Each structure stands twice: as structure tokens, then as C-alpha cells.
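The structure under discussion appears below in the form of C-alpha cells.
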Amino acid sequence: MRRSVGNGDGWRRYDAAMSAPSTPGFVESPEAVRSFRRRLLGFFDSEARDLPWRRTSDPYAIWVSEIMAQQTRVETAVPYYRRWLERYPDVHALAAAPIDAVLKSWEGLGYYSRARNLHRAARIVAETLGGRVPDTVDGLRALPGIGEYASGAIASIAFDRPAPAVAGHVRRVFARLHDDPSPTGSGVRDWAQRVVDPGRPGDFNQALMELGATVCTPRRPDCGSCPVADFCRARMAGTAEVRPAPKARTKVKSEVRLVAVFIDDSADERHLLMRRRPDEGLLAGMWEFPSRVAAARVGKRATMEALDDLARAHGVPVGKALAERAPPRPLEPVLHKFSHLHVEYRPWVVSTAGLDGSEPAQGPDLAAGSTRAERPTLVRWISATAVEELALPVAQQRIVTSALRPFTAGADPRAG
DNA sequence: AATTCGGGGGC
DNA sequence: GCCCCAGAATT
């Protein structure tokens with residue numbers, strides 16, 4: 001399963017680099033690096049988690065796993081990975097799939113541009129590269145969604161290229177080995193390039209990450225079971241727990257959104273009015289209920305006016321008549337925390353039963369009144385069954401569940 | 001160099 | 001609450 005290249009280039013590169021005085025490292029000799037590699041790979045061989053993408057040599061599958069794992073705990077990515085390879089077993093299957101299906105498969109993983117870029121890249125590979133995933137760092141790096149880390153990871157794991165792959169784990173391991181509170185990107189990369197085992201580069205890179213994930217953890221590192229503790233300056237200094245220094249975090253904005261859940265329950269099956277977000281920006285291409293920003297303290301009157309505005313903008317015929325026949329009903333607020341934004345969604349159910357001409361706005365009138373960045377690409381009445389086929393952000397999914405709870409078979413009337 | 005991209009798990 | 005997770009793209 002693991003091929004070996006072992007051309008020896010790595011050693012020559014290492015020897016040359018280590019003779020340079022400007023690169024102080026945790027190792028001072030080629031023998032030490034050899035020992036470091038041996039211990040780390042021994043740890044990997046005996047302790048590594050049995051992750052599904054470690055049982056394949058398919059470059060496409062390894063590529064998928066690397067994209068899914070970005071900014072995501074690998075345990076979270078595992079079930080997505082399995083389903084993905086069933087649905088899209090090779091690059092051609094992915095290239096042939098519509099973007100909406102791809103987003104649905106990614107639903108819940110977050111950072112949806114990863115799915116969009118993976119899909120775009122699959123089409124490039126299928127259509128212009130004969131279906132062959134590039135086997136070099138530069139070739140991989142040229143594909144959308146594959147950056148410095150992923151190109152090195154895929155090149156080393158799938159193609160035995162002795163390239164560095166610096167993920168967050170590796171940066172932390174480096175910071176502790178060197179007792180460096182704030183390592184620079186190039187510093188870590190250069191070090192990783194020098195120490196990567198040219199005989200087993202993919203396993204070596206995974207071993208560094210495995211160490212960071214399971215032993216050299218952000219808090220309470222288990223130095224007692226670390227295979228390379230002898231090399232660790234932070235351990236000697238007793239500073240492992242405070243290395244690296246925490247990153248300066250950007251301040252998070254807050255936002256309150258009034259959400260309109262228009263329900264047409266005049267027919268046998270209920271329909272919900274939903275819109276598809278623009279193809280760029282936050283949650284690109286995902287479906288949602290109409291909403292607009294509101295003040296944290298919004299009165300009843302302003303709420304009703306906003307709902308009326310949303311209705312008009314989306315082609316829902318409402319007005320005084322509606323309010324009198326079926327007053328909007330508030331649902332439990334949904335709090336959602338994005339990395340850079342906290343949103344409180346305040347959903348209101350508005351029944352449009354019995355109203356005539358409930359056709360959503362289309363074309364140039366699509367969601368009139370919304371700003372360009374918020375303008376949806378589609379507005380549709382979606383049946384309660386079909387809504388399960390749409391790619392929904394987690395917060396919207398919660399609103400759907402909440403809105404349909406009264407109609408759900410076996411619903412607990414005390415819930416909600 | 002700083003921001004913008006989700007969502008969840010651990011403490 | 002806060003932190004960070006097998007980061008990439010954009011500005």
C-alpha cells in the first residue's frame with residue numbers, strides 16, 4: 001500500500017541546509033534527524049489511528065480527504081468522506097455531478113467554498129488532464145482549492161514526493177520542539193522540508209500531524225508518551241503548554257436577523273418559500289429562508305412591517321388581510337456562531353393558506369429590495385419533502401425542523 | 001498581513 | 001465562554 005521512492009535527494013538537501021548557521025534547529029546533526037524520523041515513523045506505525053483514507057493509494061480519494069479535513073477534526077470528516085466516495089467514486093463522477101448535489105453532500109461540513117473548488121478542480125482534471133490527478137506539488141497547487149498545505153500533503157501521501165505539509169498541528173509541534181512562541185510560516189516550512197523522510201514522505205507528514213492531534217495537543221500535551229520528547233526544547237524548559245502563543249483573534253461581529261418562514265398549507269403537502277444564496281460569499285449557493293437584519297430590540301410593529309417587506313420582496317401576497325386571518329407566529333430563536341460572525345435568527349411562521357396567486361418573484365424582481373450581495377439566485381416554493389433535497393446551512397435546517405414540528409407525526413406538543 | 005470564509009468538540 | 005481544528009483565497 002505504501003510505495004517507496006527513496007532517491008536520497010532528501011539527505012543531500014538536509015546536509016546542505018544543516019551546515020548553514022542561520023537555521024538553528026532542534027537537531028544539530030544528521031544522526032539526530034535520522035533518529036527523529038525513525039522514532040516518529042515508529043510511532044506512526046504502531047499508534048496511528050485507522051483512518052479510511054489511510055487504506056487507499058487512490059490520489060483522488062486522498063485529495064478528497066485532505067480538503068475535507070481542512071479546519072475540521074478528522075473524526076468529523078470521516079463519515080462525509082465515506083459517503084462522498086460512494087456517491088463520487090472517481091474524479092469523473094464528481095466532475096459530472098451538478099453543483100447543488102455536491103453542496104448537498106458537503107452540507108454540515110462548513111466552508112462550502114471547499115466543495116465548490118473541489119468540484120471545479122475535478123472538472124479541470126477530468127476535462128483537460130485526462131482524469132489524472134497531477135503528481136507534482138506545482139501541478140496540484142495550480143488547482144482551485146489546493147494551497148500550500150494540500151499540495152504538499154497530496155504530493156507526499158499519494159505520490160511519494162518529499163514535500164513538506166504544514167498544517168496547524170505541525171506548526172504547534174514545531175513551536176514546541178524549538179520552544180518558539182510564534183514561529184513564522186517560512187520557518188516551519190523550511191524545517192519541515194529538511195526533516196521530511198525522503199523514503200516515506202507521506203507517512204512522515206501524517207506522523208507529524210498524528211502527533212499533534214493525539215499527543216502534542218493544544219492543551220495538556222501528553223509529553224510522557226511522546227516519541228520525540230527527547231528532542232523537545234519546550235519540554236526541557238517546561239513551556240510546552242504555552243507554546244505556541246495564542247493567535248490574536250479578530251473581533252467577532254453580532255447580528256440579529258428577522259426570518260420569514262412563509263408556509264403554504266392549503267394543499268395536501270405544505271410548501272415553504274426558500275431562496276438560494278448567491279454563488280459567492282458566505283454560504284454560497286446554499287438555500288435559506290428570506291431574512292433581513294433587524295435591531296436587537298425590535299418591536300412588534302416593526303417586526304410585522306419587516307415581514308411584510310420580505311413577503312413583497314419575494315412575491316408573497318400578504319397585507320392586512322393576512323395578519324387578520326393568520327397572525328405570524330414566532331419560533332424559538334436560533335443562535336449560530338460563524339467564525340467571524342454571530343447571528344441570532346428570529347424566525348416567524350407566516351401562513352399563506354387561502355391566498356391567491358402565491359407565486360414567488362422571478363427575474364429582475366427577484367427578492368426586490370435586497371442588496372446586491374444578498375440577492376438570491378432563485379426563489380421557490382419548496383414542498384416539505386423536497387426541502388430535504390436542498391443544501392441547507394445548519395441554522396436553516398434547525399429553522400425547518402422547528403417550523404415543521406407541529407406537523408410532524410409523533411410530535412411532542414411540549415417540545416419547542 | 002489581515003479578512004473572509006462553518007461548524008463543532010473539548011474544557 | 002474560549003480555543004482550535006490535516007487552510008485557501010482575496011484584498
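Keep in mind it's a predicted model, so treat the numbers as computed, not measured.
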Exercise for the section: Tell which nucleotide pairs with dG6(B), taking only Watson-Crick or G-U wobble pairs whose two distances are both under 3.5 angstrom. Expected result: none
Problem - Within 45° cone and under 6.0 Å: R83(A) NZ/CZ vs Y80(A) ring - result: yes
Practice task
Ignoring the backbone of Q70(A), work out which of dG7(B), dG7(C), dA9(C) is nearest its side chain.
Solution key: dG7(C)
Practice task
Assign G281(A) to base, sugar-phosphate, or nothing according to its heavy-atom contacts below 4.0 angstrom with the strands shown.
Solution key: sugar-phosphate
Exercise for the section: Looking at every strand, decide which applies to T250(A) at a 4.0 Å heavy-atom threshold: base, sugar-phosphate, or nothing. Expected result: sugar-phosphate
Problem - dA8(C) versus dG8(B) - spacing of their P atoms, nearest Å - result: 22 Å
Practice task
Pick base, sugar-phosphate or nothing for R141(A), based on heavy-atom distances below 4.0 Å to the nucleic acid.
Solution key: sugar-phosphate
Problem - 5'-most by nearest nucleotide on DNA chain B - G110(A) or R219(A) - result: G110(A)
Practice task
Taking all heavy atoms of P227(A) and all of L211(A), pick out the closest pair and write down the distance.
Solution key: CD-CD1, 3.5 Å
Handout entry: Geometric cation-pi criterion R270(A) and F407(A), 6.0 Å radius, 45° cone
Key = yes
Exercise for the section: Can you label the angle between the W63(A) ring and the Y60(A) ring as parallel, tilted or perpendicular, going by 30° and 60°? Expected result: perpendicular
Problem - Span that lies between the P atom of dG6(B) and that of dT11(C), in whole angstrom - result: 16 Å
